[in-house]
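Index from 1, following the sequence. Whatever order the structure lists ligands and atoms in, that order sets their numbers, starting from 1. All of these numbers come straight from a predicted model, not from anything done at the bench.
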Amino acid sequence: MSSLHIALLQMDVKAGEPEANFAKLEQMLLQAVQADPKPDVLICPEMWNTGFDLEEIQQQADPEGKRTRELISGFCAEHSVNVVAGSIANNVNGEVRNTLYVFDRNGKLAAEYDKIHLFRLMDEEKYLTGGEKIGRFEIDGLPAGAVICYDIRFPELSRRLALDGAKMMFVPAQWPHPRLNHWRTLLTARAIENQMVVISCNRVGQSGDTSFFGHSMVIDPWGEIIVEGGEEETILTAQIDLGEVDRVRSKIPVFQDRRPHLY
Ligand SMILES: O=C(O)CCC(=O)C(=O)O
């Protein structure tokens, strides 16, 4: 089976209010699994537990991601779904990482990925520690990868995931105005150049002067947008077919035609 139902939890995130964010996320997770058809995979936005209240991030980050892991693991096992738990602020011995977890239908941790590229425009590198490993994993036996937000500006990373076999790529984000054009263009380019499905989940709402536009979207390997949100808090759904990845890759055999010894 190569098709999956996906649910994107396009939520608002209250900066510096983990309790409110955990409550909101739990409510949206429950709402998502009540849909018919029930989704196979749910995805949450970036740093949904704390937002980017970076000056307070040491205190607010989830110690070793424990609370998040317990919540998501229990939820996955109870509802037999996979969750790409967006990312969270994760305090590992005093180093805060922007960590993405993936849990499978049995509640087992399938992947852990720390955002590699920290966003200097927002001083992330002053408060967070960047990851050192790429995020490649399987969902229901299907090859997948993940990057986080700013990571999509680095095409080498998505290409590496594709070369390592990923046919779909998850992208949790907190991407604000006025860069909607960058968001849509970069996501679409990553889908077209790697001939893979791109599944993104961006937050909505306001934090200080920054306004987040949502527009979470799923893009097929031909670069067509299957579903795209607006600027409201909502759950979006889409069905993806990884068989399409194989069809596009055999029609335009980009991976066969690469000449990496020249670049
Ligand atoms: O690259 C961008 O324009 C947004 C990136 C960003 O907000 C982030 O990675 O936190």
Enquirer: For atom 7 (O) of ligand 1, what's the nearest protein heavy atom and its distance?
Expert: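 Going atom by atom, the protein heavy atom closest to atom 7 (O) of ligand 1 ends up being Gln174 O, 3.2 Å.
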Enquirer: Between Asp114 and Thr99, does any side-chain donor sit less than 3.5 Å from a side-chain acceptor?
Expert: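 Indeed, the side chains of Asp114 and Thr99 share at least one donor-acceptor pair under 3.5 Å.
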Enquirer: Quick test: of every protein heavy atom, which one is nearest to atom 8 (C) of ligand 1, and how far off is it to 0.1 Å?
Expert: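 The closest one turns out to be Cys149 SG, 3.1 Å.
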Enquirer: Would Arg67 count as a cation-pi partner of Phe22, with NZ or CZ less than 6.0 Å from the six-membered ring centre and within 45° of the ring normal?
Expert: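 That pair qualifies as a cation-pi contact.
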Enquirer: Holding to salt bridge (charged side-chain N to carboxylate O under 4.0 Å, His left out), I want the full list of residues that pass it with Lys167, two or more places apart in sequence or in another chain.
Expert: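 Result, salt bridge (charged side-chain N to carboxylate O under 4.0 Å, His left out) vs Lys167: Asp246.
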Enquirer: Can you name the nearest heavy-atom pair linking Ala173 to Pro45, along with the distance?
Expert: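 For Ala173 and Pro45, the tightest heavy-atom pair comes out as O-CB, 3.7 Å.
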Enquirer: Looking at ligand 1, does Lys115 have a heavy atom less than 4.0 Å from it?
Expert: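 Lys115: in contact with ligand 1 (<4.0 Å).
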Enquirer: Using the ring of each side chain (for Trp, its six-membered ring), is Trp175 parallel, tilted or perpendicular to Trp183, with breaks at 30° and 60°?
Expert: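 The arrangement is tilted - the two ring planes meet at 30° to 60°.
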Enquirer: Would you say Arg153 contacts ligand 1, with heavy atoms under 4.0 Å as the rule?
Expert: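 Under 4.0 Å: yes for Arg153.
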Enquirer: Which option out of Tyr150, Phe212, Phe119 puts a heavy atom nearest to atom 4 (C) of ligand 1?
Expert: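 Closest candidate by heavy-atom distance is Phe119.
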Enquirer: Is it true that Asn202 and Gln10 share a donor-acceptor pair across their side chains at a distance under 3.5 Å?
Expert: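 Absent: no donor and acceptor within the cut-off.
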Enquirer: Within less than 4.0 angstrom of ligand 1, does Glu124 place any heavy atom?
Expert: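 Glu124: in contact with ligand 1 (<4.0 Å).
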Enquirer: For atom 3 (O) of ligand 1, which protein heavy atom lies nearest, and how many Å away is it?
Expert: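 Protein heavy atom at minimum distance: Arg179 NE, 2.6 Å.
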